[in-house]
4 protein chains.
Amino acid sequence: MTSKKMNKFELILDAAVKVFAENGYHGSQVSKIAKEAGVADGTIYLYFKNKEDILVSLFRERLGELVGKFEASARESATADEALRRICELHYTELEQNPTLAYVTQIELRQSSLELRKAIGQALKPYIDLIENVLVKGMDEGTFRAGTDVKLTRLLIFGAMDEVVTSWLISGRKYSLSGQIENTVSFFLRALKP
Amino acid sequence: MTSKKMNKFELILDAAVKVFAENGYHGSQVSKIAKEAGVADGTIYLYFKNKEDILVSLFRERLGELVGKFEASARESATADEALRRICELHYTELEQNPTLAYVTQIELRQSSLELRKAIGQALKPYIDLIENVLVKGMDEGTFRAGTDVKLTRLLIFGAMDEVVTSWLISGRKYSLSGQIENTVSFFLRALKP
Amino acid sequence: MTSKKMNKFELILDAAVKVFAENGYHGSQVSKIAKEAGVADGTIYLYFKNKEDILVSLFRERLGELVGKFEASARESATADEALRRICELHYTELEQNPTLAYVTQIELRQSSLELRKAIGQALKPYIDLIENVLVKGMDEGTFRAGTDVKLTRLLIFGAMDEVVTSWLISGRKYSLSGQIENTVSFFLRALKP
Amino acid sequence: MTSKKMNKFELILDAAVKVFAENGYHGSQVSKIAKEAGVADGTIYLYFKNKEDILVSLFRERLGELVGKFEASARESATADEALRRICELHYTELEQNPTLAYVTQIELRQSSLELRKAIGQALKPYIDLIENVLVKGMDEGTFRAGTDVKLTRLLIFGAMDEVVTSWLISGRKYSLSGQIENTVSFFLRALKP
DNA sequence: TATGAATGAGCCTTCATTCAT
DNA sequence: GATGAATGAAGGCTCATTCAT
């Protein structure tokens, strides 16, 4: 069994994703997560400081992986255009293929204190930075217009994609999210052209 | 005094904005709102179904006013370009001048159940529709590229602005939000040009 | 019904004496006290800050009454001898007639944090002071030996009586406590004679 | 090193005295005692039945030593007067020189169930008996008044000294405890003289 | 309408104890 | 004997909501 070797930390995190997605953060009792993970309530507290810490860890771990993929993907891209396209592709397809995670990150993780929101912001920082790097690279290449306000633009791009994902989730995932890649990227590239 | 005539409903709503902004939704006890409003706890329940209903009403009422302004502003605009610029102007300046409301709508209102998120979506619908109308108008005028996916683009535009506002709030309002209007609008217009 | 007029504060305090005496402080759940008092759990917290506050209030209220009696009794005494006798009489008879209160004050109230021990000490202060005053009076009268260390002696007297009461309780109240008055007082008076 | 030979039982007991003194009984987790002793949590249960048993053992062992000293000291005394003086001397000086033990026996050990209180009473029995023997000896010698109620008097004497020690501890040990020996003993002897 | 005292369901967390290794 | 990860029962407290006045 891999479950034997799979450490409790990951086990609990997996259970938490499921329970949070089904019941929301405030609707998820710690005991419910413990039950789902097949451990005792107290065991949770051997691996997490408290309930909120489960949420933060969830974000850090799972989003950390994603950000890693983003970085790898961007690195492989020859041009800034290509990099931006890949970022959007990954953003949409990863969340589309992982609707439970999408649900937790887009809906549940937002239901938290300012304290936590800042922690989340911290975890997202590398992603936002990645977008910024692509913008700088594009300007260096001459692909993107010189004088672009990168601090602002990275927010516009991230916010735009983020809203598309949330809207897709709230609609009940009635349409294809990856189907929006082409138009989304075109929108960004036109806006960025010199 | 208008306070004599000002009905309890508005009185409680005003108190709620203040209390929610100071303590967050989950940190705001109904009794605290009642105290701030100068009414008894029970009185709240003569005007609102439950605690969540205060939040929903708050959103509907206060955002309703805002959306009214948006519509009026858009109607006065001769061109779609102009209309889009005014929307962004209003979006940023209104929230910049009303940081308490901004805080509640951008941060606190998001800390809520899917149920409520849908209600909020409902309240925002007219605003999203307004953006859509401007896009259609622009295509009709020939100012915006034909074949623009309006359903997607309205989300990109709203999401982009929304993220900029949230980021500004979380940063502690250290810079001017209205100072971002020019670059934000340029970004959108370039993206939309034929 | 007096229970209609009897305020909840006293009602809860009475219930607490009973429950504490039966189960000890740590064995007494707040819910058990509430049930005994015939109120809801939450009601307790309208009258007391927390569980420990019930104990402190209990001490302050009930012991306050006792100390009042002691003071009245001492005031009526013509001589210091007489006053000391009355103090011992009251001390033993009041607790003998009120074994539940005796149990709580001698056994349960001691099972508490240093914090609480200090609060209890504060509540007992007037009683200790009263003994001190009697000692001073006796020295003035010439009944008690001059140069008696009142700070020490008041402790010796209080501690001696306190131990007798506790021992009587732990023994299961198998003998008469008031039957010890004569010998106890004689012991003190002999020790105090010039 | 004696620590090599010093068995775990004593090791844990020493750790317990320290931890109890610092945190109180209810504030002392078994794991904290284990850590202080440098053993695993589970090891505790190889030497003690449960948490309360640590407290009882502590009392029995450490107080047993003390009582041994008391007995030796009393045996060496020629007269009952002398014996009583030595008992008081030892009582005050031992606890004064060992404030940690004093704290545990006077304050923490009292924070316990009736069950435990009885066990403590049992451990103190030899000490109380010792006082009783001295009283009997004094009566035989003719030093103490005939007809003294020894069962009562031993309690008065023990309770008086006990209160002095507790009061000294609660005051923060601001004055000398051994400085109270002379007056305490005089008080007892006067009370006991024929 | 308005009040606010009373309700009581609900839940996170602690920690003494066990047991497979 | 020794370990320490795992257990899971237990309980103090909060607060949205009700209802007699």
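Quantities reported herein were computed from a predicted structural model and do not represent experimental measurements. Below, chain A is the first sequence line, B the second, and so on; all start at residue 1.
- If you run side chain to side chain contact (heavy atoms under 4.5 Å, CB included) between D/R62 and each of D/D14, D/V104, D/T105, only D/D14 comes through.
- Looking at D/T166, its side chain does come within 3.5 Å of a backbone N or O of D/D162 through a donor-acceptor pair.
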Give every donor-acceptor pair under 3.5 Å between a side-chain atom in residues 53-60 of chain B and any protein atom, sequence neighbours left out.
unit_1: B/D53; atom_1: OD2; unit_2: B/K49; atom_2: N; d: 2.9
unit_1: B/S57; atom_1: OG; unit_2: B/D53; atom_2: O; d: 2.7

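- Between A/T100 and A/K18 the shortest heavy-atom distance is CG2-CA, 4.4 Å.
- In this structure, CG of C/L46 is placed 9 Å from P of E/dT7, rounded to the nearest angstrom.
- Between C/A102 and C/L169, the shortest heavy-atom contact is O-CD1, 3.6 Å.
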For every nucleotide of nucleotides 9-16 of chain E, 5' to 3': is a protein heavy atom under 4.0 Å from its base (B), only from its sugar-phosphate (S), or from neither (-)? --SSBBSS
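- When rounded to the nearest whole Å, the span between CG of D/L11 and P of F/dA2 equals 11 Å.
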Report the secondary structure of DNA chain F in dot-bracket form, marking unpaired bases with a dot and bases paired to a different strand with |, and treating Watson-Crick or G-U pairs with both distances under 3.5 Å as paired. .||||||||||||||||||||
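- The CD1-P distance, from C/I12 to E/dA5, rounds to 14 Å in whole Å.
- As rounded to whole Å, 13 Å separates atom P of E/dA5 from atom CG of C/N7.
- Contact annotation for B/Y47: backbone-only contact, meaning every heavy-atom pair under 4.0 Å involves sugar-phosphate atoms and none involves a base.
- Aromatic ring pairs are classed by plane angle as parallel below 30°, tilted from 30° to 60° and perpendicular above 60°; the pair D/F48 and D/F9 is parallel.
- With no hydrogens or angles considered, no side-chain donor-acceptor pair links D/N23 and D/Q29 at under 3.5 Å.
- Considering only side-chain N and O atoms, D/K8 lies under 4.0 angstrom from the phosphate OP1 or OP2 of F/dA2.
- For A/G24 against A/S28, the heavy-atom pair with the smallest separation is O-OG, 2.5 Å.
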